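A quick write-up on the structure given underneath.
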Amino acid sequence: MSDITFSKPAETANSALFFRRWLRNPLQMGSIIPSSPALCRRIAAAVQRGPEEHVLELGAGTGVVSAALLASGVPAHKLTVVEIVPEMADFLREALPGVNVICGDAFDLKNALPEHLHGRIGTAICGIPLVLLPLERQRAFVEAVESVAPGKGFLLYTYCITSPLPYGKLGLAAKRLAWTPLNFPPASVWRYTPRPAR
Ligand SMILES: C[S@@+](CC[C@H](N)C(=O)[O-])C[C@H]1O[C@@H](n2cnc3c(N)ncnc32)[C@H](O)[C@@H]1O
(Lines give C-alpha, C1' and ligand atoms only; values in the text may rest on other atoms or scores of the structure.)
Protein backbone atom coordinates (compact mmCIF):
# COMPACT_ATOMS: atom_id res chain seq x y z
CA MET A 1 0.00 0.00 0.00
CA SER A 2 1.32 3.49 -0.81
CA ASP A 3 0.32 6.96 0.28
CA ILE A 4 -0.64 8.81 -2.86
CA THR A 5 -1.77 12.38 -2.29
CA PHE A 6 -1.68 15.48 -4.42
CA SER A 7 0.83 18.23 -3.51
CA LYS A 8 -0.62 21.61 -2.45
CA PRO A 9 -0.04 23.26 -5.88
CA ALA A 10 -1.51 20.20 -7.62
CA GLU A 11 -4.51 20.33 -5.28
CA THR A 12 -5.06 24.01 -6.09
CA ALA A 13 -4.79 23.34 -9.83
CA ASN A 14 -7.14 20.42 -9.33
CA SER A 15 -9.83 22.53 -7.61
CA ALA A 16 -9.43 25.40 -10.09
CA LEU A 17 -9.89 23.09 -13.09
CA PHE A 18 -12.88 21.44 -11.43
CA PHE A 19 -14.56 24.80 -10.74
CA ARG A 20 -13.86 26.05 -14.27
CA ARG A 21 -15.48 22.96 -15.74
CA TRP A 22 -18.46 23.34 -13.39
CA LEU A 23 -18.97 26.91 -14.67
CA ARG A 24 -18.92 25.55 -18.24
CA ASN A 25 -21.25 22.59 -17.70
CA PRO A 26 -22.77 22.21 -14.20
CA LEU A 27 -24.94 19.22 -15.15
CA GLN A 28 -22.00 17.27 -16.53
CA MET A 29 -19.87 18.01 -13.44
CA GLY A 30 -22.63 17.61 -10.85
CA SER A 31 -20.47 19.15 -8.13
CA ILE A 32 -18.59 22.38 -7.62
CA ILE A 33 -15.59 20.76 -5.88
CA PRO A 34 -13.85 17.37 -6.04
CA SER A 35 -14.84 14.59 -3.61
CA SER A 36 -13.25 14.81 -0.15
CA PRO A 37 -10.48 12.45 1.04
CA ALA A 38 -12.97 10.88 3.51
CA LEU A 39 -15.40 10.02 0.71
CA CYS A 40 -12.61 8.81 -1.59
CA ARG A 41 -11.34 6.43 1.13
CA ARG A 42 -14.83 4.99 1.60
CA ILE A 43 -15.19 4.41 -2.13
CA ALA A 44 -11.78 2.70 -2.26
CA ALA A 45 -12.71 0.50 0.71
CA ALA A 46 -15.78 -0.79 -1.17
CA VAL A 47 -13.76 -2.02 -4.15
CA GLN A 48 -13.69 -5.77 -4.80
CA ARG A 49 -11.15 -7.14 -7.24
CA GLY A 50 -9.60 -10.49 -8.02
CA PRO A 51 -5.79 -10.47 -8.59
CA GLU A 52 -6.21 -10.32 -12.37
CA GLU A 53 -9.18 -7.99 -12.39
CA HIS A 54 -9.18 -4.26 -13.15
CA VAL A 55 -10.93 -1.35 -11.49
CA LEU A 56 -12.85 0.93 -13.83
CA GLU A 57 -13.57 4.49 -12.75
CA LEU A 58 -16.10 6.47 -14.78
CA GLY A 59 -16.08 10.26 -14.58
CA ALA A 60 -12.70 10.61 -12.91
CA GLY A 61 -12.62 14.42 -12.93
CA THR A 62 -9.31 15.53 -11.46
CA GLY A 63 -8.43 12.11 -10.08
CA VAL A 64 -9.08 12.31 -6.35
CA VAL A 65 -10.90 8.95 -6.27
CA SER A 66 -8.26 7.45 -8.56
CA ALA A 67 -5.52 8.58 -6.14
CA ALA A 68 -7.38 6.97 -3.22
CA LEU A 69 -7.69 3.72 -5.21
CA LEU A 70 -3.94 3.69 -5.82
CA ALA A 71 -3.29 4.49 -2.16
CA SER A 72 -5.53 1.58 -1.13
CA GLY A 73 -3.36 -0.83 -3.11
CA VAL A 74 -4.87 -0.99 -6.62
CA PRO A 75 -1.82 -1.20 -8.93
CA ALA A 76 -1.71 1.63 -11.47
CA HIS A 77 -1.72 -0.82 -14.39
CA LYS A 78 -4.95 -2.36 -13.07
CA LEU A 79 -6.77 0.98 -12.94
CA THR A 80 -8.61 2.37 -15.96
CA VAL A 81 -10.33 5.73 -15.76
CA VAL A 82 -12.75 7.19 -18.28
CA GLU A 83 -13.29 10.94 -18.49
CA ILE A 84 -15.29 12.73 -21.18
CA VAL A 85 -13.62 16.18 -20.95
CA PRO A 86 -10.31 16.20 -22.90
CA GLU A 87 -8.73 18.86 -20.65
CA MET A 88 -9.43 16.70 -17.59
CA ALA A 89 -8.17 13.55 -19.29
CA ASP A 90 -4.89 15.38 -20.04
CA PHE A 91 -4.68 16.47 -16.39
CA LEU A 92 -5.24 12.86 -15.27
CA ARG A 93 -2.50 11.50 -17.56
CA GLU A 94 -0.04 13.89 -15.98
CA ALA A 95 -1.21 13.40 -12.38
CA LEU A 96 -1.55 9.60 -12.46
CA PRO A 97 1.44 7.99 -14.20
CA GLY A 98 0.88 4.37 -15.18
CA VAL A 99 -2.91 4.62 -15.01
CA ASN A 100 -4.84 3.86 -18.20
CA VAL A 101 -6.66 7.14 -18.91
CA ILE A 102 -9.32 7.03 -21.61
CA CYS A 103 -10.90 10.20 -22.90
CA GLY A 104 -14.34 8.88 -23.79
CA ASP A 105 -18.00 8.49 -22.99
CA ALA A 106 -19.00 6.18 -20.14
CA PHE A 107 -22.29 5.57 -21.96
CA ASP A 108 -20.34 3.95 -24.80
CA LEU A 109 -18.05 1.63 -22.86
CA LYS A 110 -18.29 -1.18 -25.39
CA ASN A 111 -16.36 0.98 -27.85
CA ALA A 112 -14.43 3.21 -25.44
CA LEU A 113 -12.83 0.35 -23.52
CA PRO A 114 -10.17 -1.87 -25.16
CA GLU A 115 -11.52 -5.37 -25.76
CA HIS A 116 -8.97 -7.05 -23.53
CA LEU A 117 -10.67 -5.37 -20.54
CA HIS A 118 -14.17 -6.60 -21.39
CA GLY A 119 -15.23 -9.12 -18.73
CA ARG A 120 -12.13 -8.40 -16.63
CA ILE A 121 -13.52 -5.63 -14.42
CA GLY A 122 -13.72 -6.38 -10.69
CA THR A 123 -15.44 -3.14 -9.74
CA ALA A 124 -16.81 -0.25 -11.77
CA ILE A 125 -17.14 3.09 -9.97
CA CYS A 126 -19.44 5.82 -11.21
CA GLY A 127 -18.64 9.47 -10.53
CA ILE A 128 -21.12 10.73 -13.12
CA PRO A 129 -24.11 12.55 -11.62
CA LEU A 130 -26.66 9.94 -12.73
CA VAL A 131 -29.32 11.31 -10.38
CA LEU A 132 -29.70 14.34 -12.65
CA LEU A 133 -30.47 12.19 -15.70
CA PRO A 134 -33.81 10.87 -16.98
CA LEU A 135 -34.62 7.18 -16.47
CA GLU A 136 -33.78 6.30 -20.09
CA ARG A 137 -30.25 7.69 -19.73
CA GLN A 138 -29.81 5.91 -16.41
CA ARG A 139 -30.88 2.68 -18.13
CA ALA A 140 -28.37 3.34 -20.92
CA PHE A 141 -25.64 3.71 -18.29
CA VAL A 142 -26.59 0.44 -16.57
CA GLU A 143 -26.49 -1.31 -19.96
CA ALA A 144 -23.13 0.26 -20.83
CA VAL A 145 -21.56 -1.11 -17.63
CA GLU A 146 -23.22 -4.49 -18.15
CA SER A 147 -21.72 -4.69 -21.66
CA VAL A 148 -18.15 -4.67 -20.29
CA ALA A 149 -18.59 -5.94 -16.72
CA PRO A 150 -21.44 -8.46 -16.88
CA GLY A 151 -23.09 -9.13 -13.53
CA LYS A 152 -20.79 -6.79 -11.62
CA GLY A 153 -22.93 -3.66 -11.33
CA PHE A 154 -21.23 -0.55 -10.02
CA LEU A 155 -20.52 1.71 -7.06
CA LEU A 156 -22.10 5.15 -7.08
CA TYR A 157 -21.43 8.01 -4.69
CA THR A 158 -24.07 10.60 -4.08
CA TYR A 159 -25.27 13.48 -1.92
CA CYS A 160 -28.80 12.05 -1.86
CA ILE A 161 -30.16 10.78 1.44
CA THR A 162 -32.05 7.94 -0.24
CA SER A 163 -31.02 5.92 -3.32
CA PRO A 164 -30.16 8.29 -6.18
CA LEU A 165 -31.41 5.66 -8.67
CA PRO A 166 -34.87 4.07 -8.96
CA TYR A 167 -33.14 0.70 -8.79
CA GLY A 168 -36.30 -1.44 -9.06
CA LYS A 169 -37.18 0.18 -12.40
CA LEU A 170 -33.61 -0.35 -13.57
CA GLY A 171 -33.57 -4.05 -12.68
CA LEU A 172 -30.96 -3.52 -9.96
CA ALA A 173 -30.54 -4.44 -6.32
CA ALA A 174 -29.17 -1.66 -4.12
CA LYS A 175 -27.19 -1.44 -0.90
CA ARG A 176 -25.89 1.64 0.87
CA LEU A 177 -22.37 0.74 1.96
CA ALA A 178 -21.08 3.88 3.63
CA TRP A 179 -21.88 7.45 4.59
CA THR A 180 -19.62 10.33 5.55
CA PRO A 181 -20.40 13.76 6.96
CA LEU A 182 -16.81 14.71 6.06
CA ASN A 183 -17.71 15.73 2.55
CA PHE A 184 -19.43 18.83 1.25
CA PRO A 185 -22.28 18.00 1.11
CA PRO A 186 -22.33 14.75 3.17
CA ALA A 187 -22.23 11.76 0.84
CA SER A 188 -23.03 8.06 0.63
CA VAL A 189 -21.58 5.16 -1.34
CA TRP A 190 -24.05 2.73 -2.90
CA ARG A 191 -23.52 -0.60 -4.60
CA TYR A 192 -25.93 -1.52 -7.41
CA THR A 193 -25.98 -5.02 -8.85
CA PRO A 194 -28.11 -6.55 -11.60
CA ARG A 195 -31.05 -8.53 -10.24
CA PRO A 196 -31.25 -12.03 -11.74
CA ALA A 197 -34.19 -12.36 -14.16
CA ARG A 198 -37.05 -14.41 -12.70
C1 LIG B 1 -19.00 14.82 -9.93
S2 LIG B 1 -17.60 14.87 -11.05
C3 LIG B 1 -16.66 13.59 -10.20
C4 LIG B 1 -15.18 13.82 -10.33
C5 LIG B 1 -14.31 12.98 -9.39
N6 LIG B 1 -14.50 11.57 -9.59
C7 LIG B 1 -14.55 13.34 -7.95
O8 LIG B 1 -15.12 12.52 -7.22
O9 LIG B 1 -14.17 14.44 -7.55
C10 LIG B 1 -18.23 14.06 -12.50
C11 LIG B 1 -17.20 13.81 -13.60
O12 LIG B 1 -17.81 12.98 -14.60
C13 LIG B 1 -17.41 13.44 -15.89
N14 LIG B 1 -18.42 12.96 -16.84
C15 LIG B 1 -19.68 13.43 -17.00
N16 LIG B 1 -20.31 12.72 -17.96
C17 LIG B 1 -19.44 11.78 -18.40
C18 LIG B 1 -19.51 10.74 -19.39
N19 LIG B 1 -20.62 10.54 -20.10
N20 LIG B 1 -18.44 9.95 -19.58
C21 LIG B 1 -17.29 10.14 -18.86
N22 LIG B 1 -17.17 11.12 -17.92
C23 LIG B 1 -18.23 11.92 -17.68
C24 LIG B 1 -17.35 14.95 -15.72
O25 LIG B 1 -16.59 15.58 -16.74
C26 LIG B 1 -16.73 15.07 -14.32
O27 LIG B 1 -15.33 15.08 -14.40
Side-chain angles (χ1 to χ4, degrees), residues 4-6 10-47 55-72 74 79-96 99-113 117 121 123-134 136-145 147-149 154-160 164-165 178 180 182-190:
I4 296 174
T5 49
F6 290 111
E11 226 175 77
T12 308
N14 177 328
S15 301
L17 170 58
F18 207 97
F19 183 59
R20 227 171 36 246
R21 287 307 314 177
W22 179 81
L23 288 174
R24 280 264 184 93
N25 193 338
L27 286 183
Q28 191 180 56
M29 288 307 288
S31 166
I32 194 166
I33 49 171
S35 297
S36 70
L39 175 58
C40 294
R41 279 195 300 273
R42 280 162 178 77
I43 297 163
V47 163
V55 177
L56 175 64
E57 188 193 349
L58 306 167
T62 49
V64 290
V65 174
S66 333
L69 292 167
L70 297 171
S72 76
V74 177
L79 176 58
T80 294
V81 304
V82 178
E83 171 53 55
I84 202 164
V85 175
E87 186 185 7
M88 297 189 113
D90 288 344
F91 181 94
L92 290 164
R93 282 192 194 100
E94 193 136 320
L96 304 168
V99 171
N100 181 20
V101 177
I102 295 173
C103 185
D105 185 356
F107 289 77
D108 185 27
L109 287 176
K110 209 171 180 173
N111 293 309
L113 220 60
L117 290 180
I121 308 296
T123 296
I125 302 166
C126 177
I128 297 162
L130 294 184
V131 68
L132 303 174
L133 302 178
E136 277 324 300
R137 285 294 281 164
Q138 293 175 346
R139 191 164 282 137
F141 178 83
V142 171
E143 284 166 9
V145 172
S147 73
V148 296
F154 54 95
L155 300 176
L156 177 67
Y157 43 103
T158 176
Y159 311 138
C160 299
L165 295 179
T180 176
L182 301 177
N183 191 72
F184 180 76
S188 301
V189 182
W190 287 74

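Along the sequence shown, residues are numbered consecutively beginning with 1. Numbering of ligands and ligand atoms starts at 1, following listing order. Treat the numbers as computed from the prediction; the structure is a model and nothing was measured.
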Report task. For Leu23, enumerate each residue passing the side-chain contact (heavy atoms from CB on, under 4.5 Å) test, keeping only those at least two apart in sequence or located in another chain. Result -> Phe19

Query raised in the report: When you look for protein heavy atoms under 4.0 Å from ligand 1, which residues do they belong to?
Result: Phe18, Gln28, Met29, Pro34, Ser35, Glu57, Gly59, Ala60, Gly61, Val64, Val65, Glu83, Ile84, Val85, Met88, Gly104, Asp105, Ala106, Phe107, Gly127, Ile128, Tyr157

Query - Donor-acceptor contact below 3.5 Å, side chain Ser36 vs main chain Leu182 - result: yes

Requested in this report: Could I get the full list of ring-ring contact (aromatic ring centres under 6.0 Å, His included) partners for Tyr157, not counting sequence neighbours?
Outcome: none

Query raised in the report: Can you find a heavy atom in the side chain of Leu117 that is under 4.5 Å from one in the side chain of Val148?
Result: no

**Report entry** 4.5 Å side-chain heavy-atom contact, Pro164 and Leu130
**Finding:** no

Which side-chain N or O atoms in residues 80-94 pair as donor and acceptor under 3.5 Å with protein atoms at least two apart or in another chain?
| unit_1 | atom_1 | unit_2 | atom_2 | d |
| --- | --- | --- | --- | --- |
| Thr80 | OG1 | Asn100 | ND2 | 3.2 |
| Glu83 | OE1 | Ala60 | N | 3.4 |
| Glu83 | OE1 | Gly61 | N | 2.9 |
| Glu83 | OE2 | Val85 | N | 3.0 |
| Glu87 | OE2 | Arg20 | NH2 | 2.6 |
| Asp90 | OD1 | Arg93 | NH1 | 3.2 |
| Arg93 | NH2 | Val101 | O | 3.4 |

